[in-house]
Amino acid sequence: MNDRSAARILSATAVAGLAGAAATGPLAGWERFWINWVQWFLFLLTIGLGCLFIVALEHVVGAKWSVPLRRVPERLSSLILLVSPVALLGLLSLRVLYPWAGPESLQDPLIAGKSAWLNVPFFTIRVAACIVLWLLSYRIFVRGSMRQDQHRDPGFNVRVRRFAPAFMALFGITLTVMAFDWISSLEPEWYSDVFGIYIFAGTFLAGLAATTLAVQYLMARGRLPGVVPDHVYNLGGFLFAFTVFWSYIGFAQYMLMWYANLPEEVFWYKERLEGLWGPLLLALAILHFFVPFFALIPRDAKGSPRRMFWVAVVMLVAHWLDLYWMIFPVIGKDPVFSWPEIAFAFLFVSTALLWIRRAMTRGADMPVGDPFLREGLEFRL
Amino acid sequence: MNPGSVSMPENVLPESLRPVPMTAGPVSLEGLDDQVLSPVERKPPRAWFIAFALTTAVMLLGLGLIGYTIATGIGVWGNNIPVAWGFDIINFVFWVGIGHAGTLISAILLLFRARWRNAISRSAEAMTIFAVICALIFPLIHIGRPWLGFWLFPYPNQRAIWPNFRSPLMWDVFAVSTYFSVSLLFWYLGLVPDFASLRDRTRSGIRKFFYSVLSVGWRGSASHWRHYEKAYVVIAGLATGLVLSVHSVVSFDFAVSLVPGWHMTIFPPYFVAGAIFAGFAMVVIVLVVVRATMRLENLITMYHLEVMNKIILTCSCLMGYSYLLEAWTAWYSMNEYIHHTFWQYVAGTYWWAGWTTITCNILIPQVLWVRRFRRSYFAMIFVALAVTVGMWFERFVIIVSSLHQDYLPSAWNVYKPTLVDCGILLGTFGLFFTMVLLFARVLPVIASTEMKSVLPGMQPRHAGGSHE
Amino acid sequence: MNRPVFSVLGLFDSAQQLMDAIPAVKGKVSGRLETYTPYPVHGMEQALGLRKSPIAGMILVMGLIGALSGIGFELWTEAVDYPMMTAGKPYWSWEAFVPIMFETMVLFACFTAGLGMLFLLNRLPTFRHPMLRSKSMPLITKDKLALAVESDGQSLDVGAISALLESLGARSIEVVEQPPAAGPASPRFLFRFAVGVAVTCTAAGYLTYWGVKLLPKTVPIVHMLDQSRLNPQREAPFFRDGFGMRVPVAGAVARGFMPYQMHSESEADLLANPLPRTEDVLRKGRRDFNTYCSVCHGILGNGMPTLTAAYGAKPANLVSETIRGYSDGRLYRAIMAGKNAMTPYAAELSEEERWAVVHYVRVLQRALNARDDDIPKETRK
């Protein structure tokens, strides 16, 4: 299948998805519509943010082995541009999904106390501020890198290395705010302070997985000359390490709430273990931890393109499942998966792939203006 | 697009992007051996003896007070109800935390292939072991009847009962003892080739005997190196897991409980970040002294110190994030007991400890954003000392401030540490530095074999390969 | 005398020279190729054609065994052997078992790695290896790299190998000989060994004795055995007089009991008998009188018991005119506090019982001093 026909198929599925999604509201209920909307935009947003974080991390650390690959996450982070309007539209979901958004919520003293933070105007300002910060950072990192292709000035590296640590601080805060706002406040009585770090772990992994997939795609088409399995090995190492990190944070949050058994905390987990949610959690643990962990232990696995491709696919599915398991329990006692979910999948995945396809034409396939590109290509284990 | 067609010659790159040499000035293998191994072979200078006498005196004071505590009872400490955990647990968490930096440097940086780690990994690992020894003292002596400490281990006994494996205190026993044994093993494995060098430098006598035994006949053959390298890297990976898990298990001591201010899910990563933070501060202090007194400035360069300062700064920001999250979540929880506890942290009986923590951990290290301070001995020692103090007080605030006023006002009380408490804390510093001084004269402070493998020109060229 | 040749080695100055020399020697001479280097050289394994180290597989297997042992042990001890319920958690609380399971996994894996590598795979220690006695060894651990052709049992062509190595740039050549065979142990060594064993056994024996018998009796371990408390019928250093069994202080009364305030007989006169004169009371009074009082005062209360001849003292005649004239309170006092030679009977008779006896004494007094009109008319003659 060549590129053009792929684009046509994707457009068709996107349109089909759009039709199905539009029908969800009237036919299956607006709750169903908005919950899918929120889950999918968070999925794409976390991938975009994860990739932006990868770029920033590379600048903070000054790593050279990753320079040839850096254009990949830079392009993928443009998903933030796609998702920003989607997120803003998502503000319409507040009344439908979020208990604290309606005026009757002030009856509950627990929510009324938090209304200084959880109210629609402040929420909107926060969402807007996060988006503005992310778009600004995107401009500095990605547009700056693409401009460096032309002017080849190493001053960009110097400037962006100064900005990167500040971005890290802002990223930490904005990602935490996003996690608490969109996901945790679906059940406003619940709180867990490691939640921001948990979402960060998932975000970083999603970015790494998407980057790995894109790198495999480009390498297979010969668009990354000079990039060898040694580079991919390092990506695999990060995937392995942060799979363990995500599992550790997820387990710690669960175990601490299980152990203390406080009603005000543990109800969140109880909802997500009853009925079919329990087996779903088991599936999540298997896909998000056991499969990548054991698949990536052997040294050869981390350099093998086929293995890395499939591990990355599994990780992205697992990330989606993670968000699904966290978000969907608010609309029903049992997991729901039927035509609305499939329609939304078609819509969002196709649109994202089309967008990424377009992004892959922007700038050179490698940051040719970066002074360390040659050294990066010479990297061997 | 033609990759590789553009690569700037070094002198055109802006200064901040130029590669930094591993050593200040050229170093030959023989010169390296002489610099690193000869202190082990000759008598220490007078300054060392004076320092050793001082630290030993402080250590003996501490040991004496520990003996007094065991003979008399825990009543000589300031522990009361409800503050049943005082200096004992604060010191335990403090020392275990300091140990983690060593493992991070020697294990995690090995996995990241950061070659600058090789000059400091030996000292860092040694500090891990010494810090864990200091830490292990406290669980032993705080149980009141330390001679019954063996009850913690699951052996078949006529009491017909097993230890309670569901308790985080048991998890601590396993985690810290595993951490100690694995660190000791890892350190020893790294030392084996160095012992071989020492063995071959001595002619005969008791020293040669000990070095021969300790080096287990190491001869540097390639067939041995391949097993060695692989085992070393895997242990480094497992030790990384230990860094995360050990201090997380220590944090579970608090986080699984219901004490307000303790049951926060952020405790595991927050404690790990704090441990690395405090540990790096201690490493900076020790290395600044070691490199100056043993004239190793060309091997442990300003670059090493600067990078460690950057890590300290990063950890300071992580701690800032954690404090912010804790405070915000405390408000968000709408739980009056948690509200009260957090208010106590900054405006209660121990407000001064809370503010010391915030100042020393978050405010003072921010000076390290400025490059000049990152490279200034005075600034880095000042920051490192502030961090050490701040991290100790952080544990004080978490433990004492949360415990002294929890749910039931009738159980509120004030904790006043006694002189015995303070003396034992001081004694552990004496013990730690005594061990550091002994280490500096008995073992090579820099892993000379590892250093040799990363010096420029020591590895054969790949077909155009680099290892950055 | 010439010993058999173990190996011929050439010393090189740099790793590059060594790596260049290896393909030139490999296959050209008979004998096993080995290199000795002061630090591990990258790519040496492949250059020499050494098999990959199996340590990684060993570590994985032992790690899994460690994890399973850890959790299996926890499960068995907490849920099977002595099921222990803590904090209301179920017996099989896997969440609480995970941390220790992780630690045992790491412990088993690390020790397999370290000790397995040293002792199993490298078969160290080998103190008698010929290389350790060679002249080159100190140079190797310092800064030279050696390429050695070692004999597998066959004899080596020393001249050819030396020439080849020199032509490849070896700084110096050494012919390493097999060490002399280990002779029988010298008497001096055996003596030292025997002394060592004897000393170790003695020390171990004494330490065991001290640890098991003497140490538990030292302060503070013995504190629990040596308690400052009153033991019955033992001396008590706690009190100045050393008596453990204490008498109550003068004037001590039992709780809930207020004794009559009568310090003299005239005060006793003021007391009134609180018990009614029912048959029940009189019957009890008779029973107690017969038990306690009739021994001395006689069954009829007239001072003529069966004991008098042997007794010596003269008990009072309770039915005499004097005693008939006593008040009830005075009689009570006599029972309680004794009178003259009569000992107090307060311990034998409770308050109620004493009053009942007083009633019965009145009966006896009336009976032995009956008047005619005490007898009913019907029975009078």
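Reckoned from all heavy atoms, side chains included, excluding hydrogens, waters and symmetry mates. Chain A is the first sequence line, chain B the second, and so forth, proteins listed ahead of strands; every chain is numbered from 1.
No side-chain heavy atom of A/Tyr191 sits under 4.5 Å from any side-chain heavy atom of B/Met334. In this structure the side chain of B/Ser322 never reaches within 4.5 angstrom of the side chain of A/Asp193, judged on heavy atoms. You'll find the side chain of B/Pro168 reaches within 4.5 Å of the side chain of A/Tyr259, heavy atoms only. Residues B/Trp369 and A/Pro165 meet the side-chain proximity criterion, which asks for heavy atoms closer than 4.5 Å. Considering only heavy atoms from C-beta on, A/Arg161 comes within 4.5 Å of B/Leu17 through its side chain.
In terms of heavy-atom pairs under 4.5 angstrom with chain A, the leader among B/Cys317, B/Gly237, B/Ser248, B/Ser245 is B/Ser248. The choice from B/Ser257, B/Ala330, B/Pro269, B/Ser16 that makes the most heavy-atom pairs within less than 4.5 Å of chain A is B/Pro269. Considering only heavy-atom pairs separated by less than 4.5 Å from chain B, the leading option among A/Met255, A/Met257, A/Gln253 is A/Met255. Taking chain B as the reference chain and counting heavy-atom pairs below 4.5 Å, the highest number among A/Tyr198, A/Phe180, A/Phe195 is found for A/Phe180.
For the pair B/Thr265 (side chain) and A/Val194 (backbone), a donor-acceptor distance under 3.5 Å is present. Checked by atom type and distance alone, the side chain of B/Tyr332 never pairs as donor or acceptor with a backbone atom of A/Glu189 at under 3.5 Å.
B/Trp331 and A/Ala116 make their closest contact through CZ2-CB, 4.1 Å (heavy atoms, listed as atom of the first residue, atom of the second, distance).
To the nearest 0.5 Å, atom CD1 of residue A/Ile197 and atom CG of residue B/Leu325 are 6.5 Å apart. How far CZ of A/Arg380 is from CZ of B/Arg461: 14.5 Å, rounded to the nearest 0.5 Å. With rounding to the nearest 0.5 Å, the separation of OG in B/Ser333 from CH2 in A/Trp190 is 13.0 Å. Between the CG atom in A/Leu256 and the NE2 atom in B/His263 there is a gap of 6.5 Å [rounded to 0.5 Å].
Contact of B/Leu324 with chain A is made through the side chain alone, with heavy-atom distances under 4.5 Å. Only the side chain of A/Leu118 comes within contact range of chain B, with at least one heavy atom under 4.5 Å from a heavy atom of that chain. For B/Val272, the part lying near chain A is the side chain, with the backbone staying farther off; criterion is any non-hydrogen pair under 4.5 Å. Contacts between B/Leu258 and chain A at a heavy-atom distance below 4.5 Å involve the side chain alone, from C-beta outward. Only the side chain of B/Tyr321 has a heavy atom closer than 4.5 Å to any heavy atom of chain A. Using a 4.5 Å cut-off between heavy atoms, A/Ala169 makes no contact with chain B at all. A/Asn261 does not touch chain B: none of its heavy atoms, backbone or side chain, sits under 4.5 Å away. Contacts of B/Ile338 with chain A are made by side-chain atoms alone, with heavy-atom separations under 4.5 Å and no backbone atom involved. Heavy atoms closer than 4.5 Å to chain B are found nowhere in A/Ser115, neither backbone nor side chain. Only the side chain of A/Ile249 has a heavy atom closer than 4.5 Å to any heavy atom of chain B.
Close placement of the A/Trp117 and B/Trp328 rings is indicated, their centers lying within 6.0 Å of each other.
Taking a 6.0 Å sphere around CZ of A/Phe290, one finds it holds 12 or fewer heavy atoms contributed by other residues, nucleotides or ligands. Heavy-atom neighbours of A/Arg162 CZ from other residues, nucleotides or ligands within 6.0 Å: at or below the threshold of 12.
Using a 30° and 60° split on the angle between ring planes, A/Phe238 and B/Phe112 fall in the parallel class, below 30°.
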